Amino acid sequence: MRILRQIHARLLTHPWPISTFSFALSKIVGFCALSAHGDIDYATRVFSQIPSPNIFSWNSIIRGCSQTQNPSKEPILFFKKLVKRGYPKSNSFTLAFVLKACSIVLALEEGRQVHSHVMRSGFDSSPFVQTALVNFYGKCEDIRSAKKMFDEIPDRNLVAWTTMISGYAKIGMVNEALGLFREMQKAGVVPDEVTMVSVISACAASGALDVGRWLHAYIDKHLINTDLELSTALVNMYAKCGCIERAKEVFEAMPVKDTKAWSSMIVGLAIHGHVEDVSEALSKMEKAKVKPNDVTFIGVLSACAHSGRVSDGRKYWSSMLESGVEPSMEHYGCMVDLLCRANLVEEAYSFVETMPITPNPIIWRILLVGCKKNRNLDKGEIVANRLLELEPLNAENYILLSNLYASGSQWVKMSHVRKQIKDKGIKAVPGCSSIEVDGYVHEFVMGDWSHSEAKEIREVLRDISERVSGAGHEPWISAVLHDMGDEEKESALGEHSERLAIAFGLLKTKAPVVIRIVKNLRVCEDCHEVTKIISKLFQRDIIVRDRIRFHKFVNGSCSCKDFW
DNA sequence: CTGGCCAATA
């Protein structure tokens with residue numbers, strides 16, 4: 001940057017031919033934008049000094065200001081200015097850069113306008129622009145448009161395939177991501193480490209351990225360069241698929257570990273409830289002179305919260321502040337959770353009151369869960385009011401409030417809340433559990449019997465329910481929302497999505513294969529109890545990853561020690 | 001004169 005500034009000064013103090021002057025300034029803009037120590041404000045100032053910037057200068061400034069750590073719509077504004085002026089004419093570089101900018105700030109509307117610009121200007125046949133469009137729609141989670149763009153590409157290269165795969169991976173469409181990966185190979189396109197990162201992330205998201213293992217073997221067999229990103233993706237995949245030991249092995253073998261690698265490992269240990277290992281990893285990380293960041297502390301604090309380690313949590317909170325990490329909403333969430341789980345609801349409430357940032361619905365919801373657990377009706381009502389003000393259409397909030405009243409035997413108030421749900425016509429997010437069998441991820445939604453083997457699953461479920469009640473279990477029916485008779489409530493519990501997935505697992509696999517389930521919500525208490533019993537009666541290890549953490553059910557007990 | 005795809009988050 002220093003040398004660049006010197007050259008800049010020279011340019012300004014000497015009389016150069018105008019074309020040389022413009023060219024040189026454009027180069028400076030390009031360098032500023034590109035270099036790691038780039039200064040985009042400086043680049044912008046230099047850009048404004050160029051008498052008649054050519055397309056290269058415009059491209060440089062558009063690309064440059066989309067690469068800052070605080071993304072903004074600035075590059076899009078530059079593009080708009082360029083289009084308005086009508087000169088110089090934009091080229092394929094311009095369009096690819098501005099699409100990239102739109103994908104970073106998720107500017108769907110602006111991106112669509114750029115898309116129509118692409119069509120008008122005839123750059124729709126540029127492979128770079130095509131890929132940029134696929135990426136843009138993928139990042140904005142408009143997967144149909146992304147796929148449409150992708151399908152329209154006549155000859156898809158590695159980057160185009162990888163872009164589409166990562167689009168699917170991002171929104172958790174694993175089967176589609178993996179299907180495309182196979183299709184890509186059939187088309188004779190050889191995947192590289194970037195492709196592998198995307199498919200492996202898809203496995204992590206869906207808990208597809210077998211496919212993940214297969215991909216890892218593929219990487220080794222085809223000598224794909226296992227760089228920092230790919231190793232991190234593998235650590236994350238093994239951790240999210242329930243193989244924390246394997247995750248550790250991959251992590252230990254990494255020659256270089258950055259903040260993201262350490263954070264992945266720490267978050268992985270945290271969701272497995274290995275709180276001692278989390279502490280150890282954090283001190284090793286500091287010893288290795290890798291700076292923990294906001295994500296690292298989310299892992300550390302959530303580990304403390306989930307294991308009830310209040311004093312450790314407080315200790316890490318102060319060390320986080322000392323290390324200069326600005327606490328974000330997530331960190332406050334962890335602390336509120338930490339205090340609530342330790343039954344310090346009043347303290348959690350004052351903690352929220354004194355937060356320097358305005359609490360979001362998630363914070364209030366954690367508090368409400370805490371109030372429910374502690375049967376603190378007075379605080380609970382206050383908290384629920386705040387929450388419902390902010391999020392009047394989220395069924396989960398009403399369910400929590402209803403459960404709060406149920407916990408305090410306030411039946412009139414409870415039925416009033418349930419009536420509100422009905423009157424407002426709001427629907428709860430349905431529970432959804434998935435299980436990987438033979439390289440395919442099967443999804444089960446609560447009470448949904450559309451699976452092709454529904455009949456067989458129903459039989460397994462009946463068998464389960466008979467044997468479980470034979471073992472003396474009585475369904476804990478107050479977890480059921482709807483106004484229905486006890487018998488109905490019992491069968492509703494029996495149709496919770498994880499039960500369907502477990503039944504399918506029992507049907508399709510044999511011991512000693514572990515049944516691995518991924519669930520989008522938290523497991524209810526009855527399902528938790530029943531799964532423990534199943535693990536004993538059927539002598540099958542069952543691993544459930546819920547929205548928060550892992551539960552390993554072995555021979556009648558769970559790794560979370562019933563604290564979750 | 002420049003270029004498209006990738007890792008961790010309550």
Side-chain angles (χ1 to χ4, degrees), chain A residues 23-24 26-31 33-34 54-64 91-97 99-100 103 126-136 138-139 150 153 156-167 169-170 191-202 204 227-237 239-240 247 251 254 257-268 270-271 292-303 305-306 327-338 340 360-363 365-366 369 547-549:
Chain A
F23 176 75
S26 303
K27 282 298 251 188
I28 293 178
V29 172
F31 277 126
L34 257 175
N54 62 10
I55 194 60
F56 173 66
S57 328
W58 282 96
N59 292 347
S60 302
I61 196 73
I62 289 172
R63 180 161 69 128
N91 59 17
S92 63
F93 291 87
T94 326
L95 296 166
F97 294 156
L99 282 168
K100 170 79 180 178
S103 72
S126 154
F128 291 99
V129 175
Q130 289 165 339
T131 313
L133 278 167
V134 174
N135 180 53
F136 159 71
K139 287 278 156 27
F150 177 75
I153 303 176
R156 299 161 196 144
N157 61 17
L158 173 63
V159 182
W161 282 100
T162 304
T163 307
M164 192 62 230
I165 290 171
S166 79
K170 183 173 186 283
D192 69 354
E193 62 272 19
V194 184
T195 322
M196 299 314 283
V197 169
S198 295
V199 266
I200 288 187
S201 315
D227 60 8
L228 181 64
E229 281 102 335
L230 184 48
S231 305
T232 306
L234 283 168
V235 169
N236 180 46
M237 183 275 289
K240 294 277 165 65
F251 180 74
M254 286 173 70
K257 305 174 181 107
D258 68 350
T259 302
K260 279 186 181 169
W262 281 100
S263 302
S264 276
M265 190 69 247
I266 288 175
V267 169
I271 57 176
N293 69 0
D294 50 336
V295 182
T296 321
F297 279 105
I298 290 171
V300 172
L301 293 173
S302 65
H306 295 157
S328 68
M329 197 66 82
E330 287 89 342
H331 299 106
Y332 287 102
C334 290
M335 285 306 279
V336 176
D337 197 22
L338 177 86
C340 283
N360 69 2
I362 300 177
I363 300 277
R365 198 154 42 238
I366 296 169
V369 171
R547 202 170 68 185
I548 312 276
R549 58 164 292 157

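Nothing here was measured: the structure is a model prediction, and the numbers come from that model. Chain letters run A, B, ... following the sequence lines, proteins first, then strands; residues in each count from 1. These numbers come from the heavy atoms of this one structure, side chains and all, not from hydrogens, waters or symmetry mates.
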Grab the CG-P distance between Leu99(A) and dC5(B) for me, whole Å please.
-> 11 Å

For the side chain of His306(A) and the backbone of Ile271(A), is there at least one donor-acceptor N/O pair under 3.5 Å apart?
-> no

Please identify each residue that fulfils ring-ring contact (aromatic ring centres under 6.0 Å, His included) with Tyr332(A), with sequence neighbours left out.
-> Trp317(A), Phe351(A)

Candidates dA10(B), dG4(B), dA7(B) - which lies nearest the side chain of Asn157(A) | dG4(B)

Per Ile298(A) side chain, nearest of listed nucleotides dT9(B), dA7(B), dT2(B) | dT9(B)

Val194(A) side chain: which of dT2(B), dC5(B), dA8(B) is closest?
-> dC5(B)

Ring-on-base stacking dT2(B) with Phe93(A) (under 5.5 Å, under 30°) = yes

Closest non-hydrogen contact found for Phe150(A) with Ala160(A) is CE1-O, 3.6 Å

Asn54(A) has its side chain closest, among dG3(B), dC5(B), dC1(B), to dC1(B)

Hey, does Lys240(A) reach any base, or is it just sugar-phosphate, or nothing, if we go heavy atoms under 4.0 Å?
-> sugar-phosphate

Output the single nucleotide from dA7(B), dG3(B), dA10(B) whose closest atom is nearest the side chain of Asp258(A).
-> dA7(B)

Rounded to whole angstrom units, what separation is found between the CG atom of Leu230(A) and the P atom of dA7(B)?
-> 11 Å

Name the nucleic acid region contacted by Thr232(A), choosing base, sugar-phosphate or nothing; use a 4.0 angstrom heavy-atom cut-off, strictly under.
-> base

Ile165(A) has an atom CD1; how far is it from atom P of dC5(B), in whole Å?
-> 15 Å

Write down the distance between CG (Leu234(A)) and P (dA8(B)), rounded to a whole number of angstrom.
-> 12 Å

Can you tell me if Asp192(A) uses its side chain to pair, donor with acceptor, with the backbone of Thr195(A) under 3.5 Å?
-> yes

Closest nucleotide among dC5(B), dA10(B), dC6(B) to the Glu229(A) side chain = dC6(B)

Selection from dA10(B), dA8(B), dA7(B) that lies nearest to any side-chain heavy atom of Ile362(A) = dA10(B)

Quick note, Val159(A) side chain, CB onward, closest among dG4(B), dA8(B), dT2(B) is dG4(B)

Quick one: which of dG3(B), dA10(B), dA8(B) gets closest to the side chain of Ser126(A)?
-> dG3(B)

Against the side chain of Glu330(A), the closest entry in dA8(B), dA10(B), dG3(B) is dA10(B)

Rounding to 0.5 Å, atoms OG (Ser166(A)) and CG (Asn135(A)) come to a distance of 6.5 Å

Step-by-step side-chain contact (heavy atoms from CB on, under 4.5 Å) determination, Thr259(A) to Val295(A) = CA-CA 9 Å; Thr259(A) 302; Val295(A) 182; over 6 Å; no

Any sub-3.5 Å donor-acceptor pair from Asn360(A)'s side-chain atoms to Ile363(A)'s backbone N or O?
-> yes

For dG4(B), take OP1 and OP2 only and decide whether either is under 4.0 Å from a side-chain N or O of Lys139(A).
-> no

Take atom CZ of Phe136(A) and atom P of dG3(B), then tell me their distance rounded to the nearest Å.
-> 22 Å

Using a cut-off of 4.0 Å on non-hydrogen atoms, how would the nucleic acid contact of Asn293(A) be classed: base, sugar-phosphate, or nothing?
-> base

Calculate the interatomic distance between Asp227(A) atom CG and dA8(B) atom P; express it in whole Å.
-> 14 Å

For the pair made of CG in Asn91(A) and C1' in dC1(B), what is the distance, rounded to whole Å?
-> 12 Å

Heavy atoms under 4.0 Å, any strand shown: does Thr131(A) hit a base, just sugar-phosphate, or nothing?
-> base

Rounded distance (Å) that lies between atom P of dT2(B) and atom CG of Leu95(A) = 18 Å

Is the ring centre of Phe128(A) under 5.5 Å from the base ring centre of dG3(B), and are the two planes under 30° apart, so that they stack?
-> yes

Counting just side-chain N and O atoms, does Lys100(A) come under 4.0 Å of either OP1 or OP2 of dT2(B)?
-> no

Output yes when at least one side-chain N/O atom of Asn135(A) is less than 4.0 Å from OP1 or OP2 of dG4(B), else no.
-> no

Answer with base, sugar-phosphate or nothing: what part of the nucleic acid does Ser92(A) contact at a heavy-atom distance below 4.0 Å?
-> base

Contact class for Phe97(A) vs. all strands (heavy atom < 4.0 Å): base, sugar-phosphate, or nothing?
-> base

Have a look at Met164(A) and say if it touches a base, only the backbone sugar-phosphate, or nothing, with a 4.0 Å heavy-atom cut-off.
-> nothing

